[in-house]
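Structure record follows, encoded as structure tokens.
Here is how names work: the chains are called A, B, and so on, in the same order as the sequence lines, proteins then strands, and each is numbered from 1.
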Amino acid sequence: MSEKDNQSMHWADIMADKIIREKGDKPRYTCASGITPSGTVHIGNFREIITVELVARALREKGKDVRFIYSWDDYDVFRKVPKNMPEPELLEKYLRYPITLVPDTTGRAENYARGNEVAVENDLPKVGVFPEYIYQAERYRTNVYAEEIRKALSMREEIREILNQYRTEPLADDWWPVAVFSSFTNKDNTKVIAWDGEYGLTYRDLDLDKEETIDIRTTPNTKLPWRVDWPMRWAYEGVDFEPGGKDHLTEGGSYDTAKSVVKLFGAEAPVTMRYDFIKLKGKGGKISSSGGEVADLSDVLEIYPPEIVRYLFVGTRPSAEFAISFDLDVLKIYEDYDNTERIYFGLIQTNEKKKEKESRIYELSQVDDKAIPSEPGYQIPFRHLCNYLQIYAGDQDKVIERLDGITESQEKRLRVRMSCAWAWLDKYAPEEFRFSLSSEDCMYKATESEAKAIREFASYVDEHLDALSEKEFSEYIYKCAADNGMENPDFFRLIYQVLINKEKGPKLAGFLKACGSEKVLEILRRY
RNA sequence: GGGCCGCUAGCUCAGCUGGUAGAGCAACGCCCUUUUAAGGCGUGGGUCACAGGUCCGAAUCCUGUGCGGCUCACCA
């Protein structure tokens with residue numbers, strides 16, 4: 001590979017090369033990601049998933065077989081009731097339970113953890129992400145990790161030493177590298193008292209002050225604490241790559257200690273990369289959990305088509321923080337994506353370096369790398385599309401009818417885009433941006449002289465709108481104002497009032513043409 | 001206290017394995033005597049936080065300083 005190629009490489013390709021370099025040339029690589037579904041899995045968590053997906057795709061394109069596993073850490077403790085969950089007082093009673101044993105008050109699934117999981121599992125295929133899901137609650141509760149737990153117990157002192165390196169307070173003398181959910185209460189308010197050197201573990205339930213001895217080969221109650229659990233799973237699955245947030249990948253963070261602990265399990269740490277958090281812009285705090293506003297993948301998919309959702313992440317270095325916008329920036333995002341697409345299809349000339357870079361971003365943004373579009377999308381600015389949609393009150397078929405020379409594949413993509421645009425107009429667009437054509441039951445009350453001007457204007461529209469250009473027709477707007485003794489601003493205001501019940505609107509001449517004389521006349525002739 | 005990140009045009013940011021700065025928005029002007037957050041063309045605007053260093057050459061690499069932020073040191 002030449003140096004030149006390297007310069008224009010995408011971060012996912014660079015990471016794939018790094019994995020191959022550090023892990024050796026293997027026929028198959030295991031890429032992992034995971035999270036505790038202790039609340040809504042938000043778009044920040046999605047960044048880790050899409051990061052793995054992009055690296056996995058880059059590896060596959062280099063001819064490697066890739067296993068992409070996604071670990072749901074649903075045997076973690078329920079510590080806090082998120083603010084966006086229904087029936088908080090019921091959930092309150094289940095604090096300190098494993099989240100898999102907490103009821104789902106949203107009615108989405110059989111338990112709390114599962115409810116948060118299904119939301120994500122339903123949306124990931126839409127953006128072309130198909131991991132193999134691993135459910136840690138099931139793994140632990142069916143004793144899949146019994147040997148690993150026994151190993152951890154036997155390496156108690158070595159593990160303690162590693163963890164103590166970064167702690168302000170050393171772990172207590174009676175600390176054990178295992179957590180126990182009480183079989184009496186399901187809560188983790190327990191303390192390990194003894195281990196028989198094999199599979200027998202004795203713990204005390206601190207709430208009830210009762211003791212019990214369990215067999216880690218048969219009990220569903222044990223689990224490893226995070227800093228031991230993570231490296232254990234690296235070893236168990238043979239993980240080659242797993243990214244992490246900056247909370248994990250800081251000195252003394254869990255990646256650091258796990259890197260040492262994993263050796264005790266006879267394996268090496270995976271290649272990693274750090275990703276930064278995602279901010280939100282213009283969401284207006286509609287959904288709130290633990291204080292801040294939250295958006296999940298489905299919120300983003302509502303206003304951006306899948307390939308643009310991917311584009312947001314593909315085009316940004318993972319180490320950089322960025323904001324996902326719900327406000328007017330949405331327009332720019334669509335324009336940026338379309339621009340990248342035009343570069344890919346050679347509709348815009350750029351230098352070779354930029355073309356390579358943008359083209360790679362375009363490819364990686366596509367949901368299915370086996371089905372990259374063979375032609376660019378229908379060229380219509382997002383703003384324009386929003387106005388057409390509003391003229392036709394969201395009727396996609398009518399908008400399509402107005403567009404010349406649209407192909408089948410373009411129509412398919414445009415319909416997705418229209419759904420997003422419509423959702424955006426409805427939920428997030430600023431008021432000035434929105435309008436709807438007046439209906440008969442909410443007519444502007446015109447004075448007699450205004451009505452006369454409107455009727456005259458209607459005749460101009462009837463005679464000239466279709467035949468003349470936007471600019472040429474403008475003359476008639478001014479002429480009509482003058483003929484009726486009105487100041488221009490007043491006349492424009494009048495027409496906007498009549499058409500859309502607002503004082504202002506899109507640039508009038510162009511707007512009239514976009515509406516078409518038929519629709520305009522239908523409204524004007526009510527006067 | 002440790003670690004990390006950021007500091008580039010009024011705003012939001014791109015550019016970063018070095019070759020005398022870019023985009024969008026905002027501003028201003030013109031097309032059009034003329035409403036407009038839907039048009040077109042154009043203009044202005046930055047000692048790239050600061051100080052050193054390496055280099056023919058630094059926004060880009062190194063060192064230090066300042067300011068802002070995040071994170072670990074509890075749990076996951």
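Within 4.0 Å of A:Thr36, counting heavy atoms only, lie sugar-phosphate atoms of the nucleic acid but no base atom. Residue A:Asp76 is classed as a sugar-phosphate contact, given heavy-atom separations below 4.0 Å to backbone atoms only. Heavy atoms of A:Pro225 sit under 4.0 angstrom from primed sugar atoms or phosphate atoms, though from no base atom. A:Arg493 comes within 4.0 angstrom of no nucleic acid atom, judged by non-hydrogen atoms across all strands. Nucleic acid contact class of A:Phe511 (heavy atoms, under 4.0 Å, all strands): base. If you check every strand for non-hydrogen atoms under 4.0 Å, A:Arg434 touches nothing. Nucleic acid contact for A:Leu249: none, since no nucleic acid atom lies under 4.0 Å from a heavy atom of the residue. Here A:Phe491 lies out of heavy-atom contact (under 4.0 Å) with every strand. Using a 4.0 Å heavy-atom criterion, one finds that A:Tyr166 contacts the sugar-phosphate atoms exclusively.
Dense packing is recorded around NZ of A:Lys151, with more than 12 heavy atoms of other residues, nucleotides or ligands lying under 6.0 Å away. More than 12 non-hydrogen atoms from other residues, nucleotides or ligands lie less than 6.0 angstrom from CD of A:Glu22.
Base pairing annotation: B:G1 forms a Watson-Crick or G-U wobble pair with B:C72, both donor-acceptor distances under 3.5 Å. Remark: B:G46 base-pairs with no nucleotide; criterion is Watson-Crick or G-U wobble with both hydrogen-bond distances under 3.5 Å. Under the Watson-Crick and G-U wobble criteria, each requiring two contacts below 3.5 Å, nucleotide B:G6 is paired to B:C67. Under the Watson-Crick and G-U wobble criteria, each requiring two contacts below 3.5 Å, nucleotide B:A14 is left unpaired. Nucleotide B:C30 is matched to B:G40 when pairs are restricted to Watson-Crick or G-U wobble geometry with both distances under 3.5 angstrom. Base pairing analysis places B:G52 opposite B:C62; the two distances defining the Watson-Crick or G-U wobble pair are each below 3.5 Å.
Across B:C61 and B:G19, the matching P atoms stand 11 Å from one another, rounded to whole Å. B:U8 and B:A21 have their C1' atoms separated by 8 Å, with the value rounded to a whole Å. Distance check on atom P: B:G22 versus B:G45 gives 14 Å, rounded to whole Å. Distance noted for atom C1' between B:G57 and B:U20: 9 Å (whole Å). When the C1' atom is used for both B:A73 and B:C11, the distance is 38 Å, rounded to whole Å. Nucleotides B:A27 and B:A37 place their P atoms 9 Å apart, quoted to the nearest Å. Across the P atoms, B:G64 and B:G2 are found 13 Å apart, a figure rounded to whole Å. Comparing the same atom, C1', in B:A9 and in B:C48 gives a spacing of 10 Å after rounding to whole Å.
Panel note: side chain A:Asn221, backbone A:Phe181; a donor-acceptor pair is recorded below 3.5 Å.
Listed nucleotides: B:G24, B:G3, B:A76. Nearest to the side chain of A:Lys332: B:G24. Listed nucleotides: B:U71, B:A38, B:G15. Nearest to the side chain of A:Pro506: B:A38. Among B:C74, B:G2, B:U35, the nucleotide with an atom closest to any side-chain atom of A:Thr168 is B:C74. Each of B:U35, B:A37, B:C75 was ranked by its minimum atom distance to the side chain of A:Leu508; first place goes to B:U35. The side chain of A:Arg317 approaches B:G6 more closely than any other nucleotide in the set B:G24, B:G6, B:A37. In this structure, the nucleotide among B:U35, B:C70, B:A76 sitting nearest to the side chain of A:Tyr496 is B:U35. Considering only side-chain atoms of A:Lys357, the nucleotide from B:A76, B:G15, B:G2 that sits closest is B:G15.
Atom CZ of A:Phe435 is separated from atom C1' of B:U35 by 16 Å (rounded to the nearest Å). To the nearest angstrom, P of B:C13 lies 20 Å from CG of A:Asn339. The distance between atom CG of A:Asp329 and atom P of B:A26, rounded to the nearest whole Å, is 12 Å. Between the NZ atom of A:Lys513 and the C1' atom of B:A38 there is a distance of 15 Å, given to the nearest Å. Atoms OH (A:Tyr476) and P (B:C32) sit 17 Å apart, rounded to a whole Å. In this structure, A:Ile477 atom CD1 and B:U36 atom P are separated by 14 Å, rounded to whole Å.
Taking 4.5 Å as the limit, some side-chain heavy atom of A:Gln390 sits within range of a side-chain heavy atom of A:Trp422.
Taking the nucleotide of RNA chain B with the nearest heavy atom to each of A:Ser254 and A:Ala514, the more 5' of the two is matched to A:Ala514. Two residues, A:Asp336 and A:Lys223, neighbour RNA chain B, and the one matched to the more 5' nucleotide by heavy-atom proximity is A:Asp336.
Between A:Thr250 and B:C70 there is no side-chain polar atom (N or O) within less than 4.0 angstrom of OP1 or OP2. Here A:Arg274 does not reach the OP1 or OP2 of B:G3: none of its side-chain N or O atoms lies under 4.0 Å away. Considering only side-chain N and O atoms, A:Arg167 lies under 4.0 angstrom from the phosphate OP1 or OP2 of B:C75. Close to B:A73, at under 4.0 Å from its OP1 or OP2, lies a side-chain N or O of A:Arg227.
Between A:Arg233 atom CZ and A:Arg139 atom CZ the span is 9.5 Å, to the nearest 0.5 Å. In this structure, the separation between CE on A:Met418 and CG on A:Asp395 is 9.0 Å, given to the nearest 0.5 Å.
Ring geometry for A:Trp72 versus A:Tyr133: interplanar angle under 30°, hence parallel rather than tilted (30 to 60°). A:Trp230 and A:His248 have tilted rings, their planes meeting at an angle from 30° to 60° on a 0 to 90° scale.
Of the listed residues (A:Tyr145, A:Trp234, A:Tyr140), just one forms a side-chain hydrogen bond (donor to acceptor under 3.5 Å, both in side chains) with A:Asp229, and that residue is A:Tyr140.
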